[in-house]
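The structure under discussion appears below in the form of structure tokens.
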Amino acid sequence: MSKKIVLIDGHSILNRAFFGVPPLTNSEGLHTNAVYGFLNIMFKILDEEKPDYLTVAFDRSEPTFRHQMFDAYKGTRKPMAQELREQVPVMKEVLQAMGIKIVEMPGYEADDLLGTIAGMAEVQGMDVSIISGDRDLLQLATEKVKIRIPKTKRTGTEIEDYYAADVVERYQVTPKEFIDVKALMGDSSDNIPGVPGIGEKTATNLIVAYKSIENAYAHLEEITPKRAKTNLEEHYDMAQMSKTLATIEVHVPIEFDMEAAKLTDLYTPEAYVYMKRLEFKNMLTRFSDDMSQNDLEKYFHVYHELDEIQNFFDGFSAKEAAVSFFEEAGIVYGLAVAKSNQNVVYLTCGGFVTEGYLEEQVQKLCDGLDTLITPDLKGLLKHVRVPETKNCIDTTIAAYLLNPLKNEYTYDDLARDILGLMVPSKLDLLGKLKIKKAAEEKPEALELMVCYEAYTCIAAKNQLLEQLEDHDMKKLYDEIEMPLVYVLADMEKEGVRAEKAELEAYGAQLTGRISELETSIYEKAGETFNINSPKQLGVILFEKLQMPNGKKTKTGYSTAADVLERLAPDYPIVSEILEYRQLTKLKSTYADGLALCIAPDGRIHSTFNQTITATGRISSTEPNLQNIPIRMELGRLIRKVFVPKEGYVFIDADYSQIELRVLAHMSGDQNLIAAYQHAEDIHRITASQVFHTPLEAVTDLQRRNAKAVNFGIVYGISSFGLSQDLSITRKEAEGYIASYFETYPGIKIFLDRLVTDAKEKGYAETMFGRRRPVPELASSNFMQRSFGERIAMNSPIQGTAADIIKIAMIRVKQRLEREQLKSKLILQVHDELLIEAAADEEEYVKTLLAEEMRHAADLAVTLEVDVKSGRNWFEAH
DNA sequence: CCAGTCACG
DNA sequence: ACGTACGTGACTGGA
């Protein structure tokens, strides 16, 4: 049997796949659809053909010799979409990881290389398959060389096959003649001009009759119809040039080592890493199950017995170690200590080994370390005391700073991205089991998981630190993020006192009104239905009651508040629905939700997450204490249930327009800076300047508009957004913006620079060096790109404000501690800090808090802080 | 598990 | 022409 080679036209198939597969990105935001489609096509062909050799050819970006000869036709090709361009290098890396031979050569197109190699293989007696989306390649078809053109259809990929005979059958001409047809008719996508006035039909007829362009010219006089004859006559040079352009060069001086193209096992560990990274889950099934196998497990030791564990701790002398553990509901299920990347020990409670004993031992172990590495320092601090002076490395926080866009920072991702190593993930090891169940049902898997995590931490930490250095983020990491861990840990531990009985009373009061509304709504609707279902509500309002239907969503009618508010004046039922919505929200999320979160100590211990937001803010969960109602009076009353413990008061301080002040500083706009230097009311001054009105004469409406513009500026202004917010026309909004930028020209220049800088660098950056990648800026999609521009304008501002309040938190905490005050920082709400202060420290702490917040950053404008105390959060804010 | 809605800065 | 404000988290209903 003769040997078989498959040759793939890289760019052509990638291009096909790009347009044939719907947009797809992995969680890092990398586009992956073309690579995905390419691999699918390739696997299908390989499964079918089982070739002995495989090679993929790519074009080089340099102009080819063929095209260089004709300057005029160079460079008219459309540039590749960014979403596709970014996938080309990835594609090549994936192929390389699979051990597939790639050929490319400056000055030649992939076609030329494919033609040349096909010729060589044919001479050696091989069967050749060329895979391309491009019909030009049909000219290469012979009895042994098959051209295969994949078509992406809804039913999957179908492939059209052409040997020389099939070309004749389909196009009436031989592969050689096909060149001439193509040259006559031209091909705009390939920059082949062709002969004007001659299309596919005429070209085919001519070549069927005369076999070649040259012969057609030799018989020019006989040619009919007349038009074709004249066209040919007048554009002879065009025809010749087109033929040169259309002819694939099959004698490229390339040294092609057939053995290097020999098809080996594609399913390599390196390729597996790529599949994981690209998140091609169904491709992973092609890899053998043991692909995640590595030889690390020989370094893992599991100790269960008291004497082994005692020996381990007694003999422990390392100065650097990674500590990792898993807990659930406060119970620690397992702990691993990595002394080096060749020595990981797993320890667990049970029998004589009590949790208390283990904690004590780990405490001692940590005390003895110079460097403590962990994936979750805040979590560790719940069990172990670690002085803030200790050199600690939190690998999750490091990874977050390097890329804040990820949804999660798991050890298996870290191992893959930093170490290029596949380790089994939590899902691989435990499946969907909860930790508690896993501890009972498959303890070995849990042991492995914790060991892998500790291993990954210690093995990756140097590279993480190096990357932080490289990105100039070491200071941000050392002086803001790491110290903040201790602040957040304390805040979580401390919690906020909440009065359960009061909360329940509040809830009960809501319930009464809710059922009244319910009855009335059903009556007005003429039937009962689920008011909480936007779908059912939409049907009632817009179909049954025939209300003018405003906006629509993907799934049906929009019943969002802004739509309902427009209908409310005309339909009493709508006002009732709005009130119903408001009350049920308060009941379910706040009254009931918060009550469930009150711990036995009478306090709510929220979790503050430091690695969630793209901008550098912190977030709060279970419960979210950063969105407690305040804007509406009824909701605001909830704040009365948040109270300090006996003998204490609340002190609440918030920054006044911190983001706008950050903007004034960063932009250096003299007018805005000056406005802040003299003024109490920045929105009024803005209104006065923007609307050319004396300060005293500014109306409430003008002030409100100016305020909206100020907000808009911080969000990355768009006339549409502003017009929506103010219920004005786009034109009017444009006018406001233009006049704002005239007043503050430095702001305009600054915002433009933020966008160009982010475009150039690929990320937006805060004053303190925090970065946020903005891949959207490179999108060819207008909407995506505009979004990227707004991100580029907003992130440095929001992020810098976040940096500043973090600095304030660290300083406030350190001062409270250093001065041995009893008062504690307990909450942060983006521009606001809440302290539970001992009554006798009230005045001092008020000053301390305001001072530390004001001086957290040295800006061109002062940072104003409003500070207030009270017997509950309602009063203090 | 996602979409819609709404609470906050 | 495109179709929008920036950043979060919790709850509900309905595939």
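From a predicted model like this one, the values you see are computed outputs, not experimental measurements.
Among the heavy atoms of the strands, none lies under 4.0 Å from Ser795(A). If you check every strand for non-hydrogen atoms under 4.0 Å, Gly716(A) touches nothing. Thr584(A) comes within 4.0 angstrom of nothing in the nucleic acid, heavy atoms only. Counting non-hydrogen atoms under 4.0 angstrom, Ala708(A) reaches a base of the nucleic acid. Within the 4.0 angstrom heavy-atom criterion, only backbone atoms of the sugar-phosphate kind lie near Gln536(A); the bases stay farther away. Within the nucleic acid shown, Ser718(A) comes within 4.0 Å of at least one base atom, counting heavy atoms only. If you check every strand for non-hydrogen atoms under 4.0 Å, Glu622(A) touches sugar and phosphate atoms only. Residue Ala801(A) is classed as having no contact, given no heavy-atom separation below 4.0 Å to the nucleic acid. Nucleic acid contact for Phe711(A): none, since no nucleic acid atom lies under 4.0 Å from a heavy atom of the residue. Heavy atoms of Ile612(A) sit under 4.0 angstrom from primed sugar atoms or phosphate atoms, though from no base atom. Note on Arg772(A): only backbone sugar-phosphate atoms sit closer than 4.0 angstrom, heavy atoms only; bases stay farther off. Across all strands shown, Ile791(A) has heavy atoms under 4.0 Å from sugar-phosphate atoms exclusively, and none from any base. Using a 4.0 Å heavy-atom criterion, one finds that Ala561(A) contacts the sugar-phosphate atoms exclusively. When heavy atoms are screened at a 4.0 angstrom cut-off, Val829(A) is found touching the sugar-phosphate backbone but no base atom.
Side chains of Glu492(A) and Thr607(A): a donor-acceptor N/O pair is absent below 3.5 angstrom, by distance only. Defined by atom type and a distance below 3.5 Å, a donor-acceptor pair is present between the side-chain atoms of Tyr36(A) and Asn282(A). A donor and an acceptor atom, one from each side chain of Ser779(A) and Glu776(A), are nowhere located under 3.5 Å apart. Side-chain atoms of Asn624(A) and Thr621(A) form no donor-acceptor pair, as typed in the model, at a separation below 3.5 Å.
Taking 4.0 angstrom as the limit, Thr555(A) places a side-chain polar atom (N or O) nearer than this to OP1 or OP2 of dG4(B). Within the 4.0 Å cut-off from OP1 or OP2 of dT5(B), not a single side-chain nitrogen or oxygen of Arg581(A) is found. The phosphate of dG9(B) (OP1 or OP2) has a side-chain N or O of Arg631(A) nearer than 4.0 angstrom.
One atom, CG of Asn624(A), and another, P of dG9(B), lie 11 Å apart when rounded to the nearest Å. Rounding to whole angstrom units, CG of residue Leu660(A) and P of dG9(B) are separated by 16 Å.
DNA chain C is contacted by both Asn530(A) and His830(A); His830(A) maps to the nucleotide lying nearer its 5′ end (nearest heavy atom per residue).
The pair Glu481(A)-Arg770(A) meets the salt-bridge criterion, since a charged nitrogen lies less than 4.0 angstrom from a carboxylate oxygen. The residues Arg639(A) and Glu875(A) are annotated as not salt-bridged, no charged nitrogen and carboxylate oxygen being separated by less than 4.0 angstrom.
Of all nucleotides in DNA chain C, those with any atom nearer than 4.0 Å to a heavy atom of chain A start and finish, going 5' to 3', at dC2(C) to dA15(C).
Geometrically, Arg771(A) engages Tyr763(A) in a cation-pi contact defined by less than 6.0 Å to the ring centre and at most 45° from the axis.
Counting non-hydrogen atoms of neighbouring residues, nucleotides and ligands closer than 6.0 angstrom, the NZ atom of Lys493(A) reaches no more than 12 such neighbours.
Spacing between dA5(C) and dG4(B) at atom P, rounded to whole Å, works out to 13 Å.
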